[in-house]
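I have placed the structure first, in the form of structure tokens, so that the comments after it can refer back to it.
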Amino acid sequence: MQGKIALEEHFAVPDTLNDSAGFLPADCWTELSARLLDIHEKRLHLMDRHGIEMMLLSLNAPAVQAIPDPARANEIARRANDFLAEQVGKRPSRFQALAALPMQDPDLAIDELERCVTKLGFKGALVNGFSQVREANTAVYLDLPQYLPFWAAVERLGVPFYLHPRNPLPSMAQIYEGHPWLLGPTWAFGQETAVHALRLMCSGLFDKHPRIQIILGHMGEGIPYSLWRIDNRNAWTKAPPRYPAKKRIAEYFSQNFYITTSGNFRTQTLIDAILEIGVDRILFSTDWPFENIDHAADWFDAASISENDRLRIGRENAIRLFSLKLG
Ligand code: MN
């Protein structure tokens with residue numbers, strides 16, 4: 001399929017590059033670091049070759065979220081966003097931007113989101129899970145009350161918010177001890193991000209701000225597959241859910257969430273997601289440079305779905321969600 005739009009696509013700046021070391025075998029680092037620092041060469045060539053018209057670019061992980069000092073987090077976020085704006089400016093028909101945000105300080109995060117959207121023309125934000133705030137051994141999640149003004153700003157600006165994975169801190173990862181292969185994309189990324197998303201849904205955030213749209217990668221981090229069970233456990237007790245939110249989780253998931261195909265190129269999984277939330281809330285993405293563009297595109301272009309659905313997932317949903325102006 002030509003004209004695809006991909007939106008979980010990462011780059012790095014020198015300040016954040018090393019955050020991506022260690023996820024892949026050491027002998028891949030030369031290739032991975034070159035991929036992260038490149039925008040207009042190999043990346044563009046692969047986009048052309050595999051029918052990707054546009055990428056929405058975002059900073060690597062955990063990057064800004066792992067800088068406990070709020071002022072320093074803000075400085076790095078601004079530096080990365082300014083760099084990204086400059087790159088997008090060189091080829092706006094091929095690249096658009098999602099902002100990195102210093103969530104360590106909700107007021108700074110609001111200011112930076114507003115600057116990126118209104119002054120730099122960014123299409124939304126991408127945040128790498130919880131933030132370490134002031135102390136390295138802290139994990140502050142986005143459902144906490146100090147973030148309500150931030151979420152009000154997200155709703156007011158009308159831009160999507162991509163909740164991207166990071167690993168749990170060692171102090172929170174006892175279950176993975178002795179099993180390092182389960183960290184990262186194998187399992188821990190999905191578990192961490194799914195629980196974070198469920199916290200947002202249970203907290204009542206979307207009752208207060210019903211127009212917020214959250215994007216999850218990796219075909220929804222496992223949530224579509226578990227959606228029915230989340231709402232129907234022990235149904236014989238007829239007990240109402242014990243959380244502050246007013247509705248069932250499936251309602252928030254189908255009204256306030258989108259998912260992407262990033263790093264999860266599996267037709268069986270895509271079809272389950274279509275059956276749970278419908279094609280209008282699914283978007284093509286690759287997760288470059290951690291996954292290969294050809295792996296994503298070759299799978300998606302041949303996946304056993306209707307051509308109408310391919311067009312919506314591959315292109316039209318993204319144009320609508322981000323109000324993209326394309327030729
Ligand atoms: Mn990613």
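Indexing begins at 1, ligand by ligand and atom by atom, following the structure's order. All values below come from the heavy atoms of this structure, side chains included, with hydrogens, waters and symmetry mates left out.
Note on His164: counted as a metal contact of the Mn ion (ligand 1), an N/O/S atom lying under 2.8 Å.
Using bins of under 30°, 30° to 60° and over 60° for the plane-to-plane angle, the ring pair Phe206/Tyr252 lands in the tilted bin.
Under a 4.0 Å N-O distance rule, the pair Lys4/Asp301 qualifies as a salt bridge.
When the N, O or S atoms of Asp287 are ranked by distance to the Mn ion (ligand 1), OD1 comes first.
At the Mn ion (ligand 1), the vertex angle linking NE2 of His10 with OE2 of Glu8 is 110° (nearest 10 degrees).
The aromatic ring centres of Phe95 and His40 sit less than 6.0 Å apart.
Under the side-chain hydrogen bond (donor to acceptor under 3.5 Å, both in side chains) test applied with Gln132, the options Gln65, Arg166, Gln104 reduce to a single match, Arg166.
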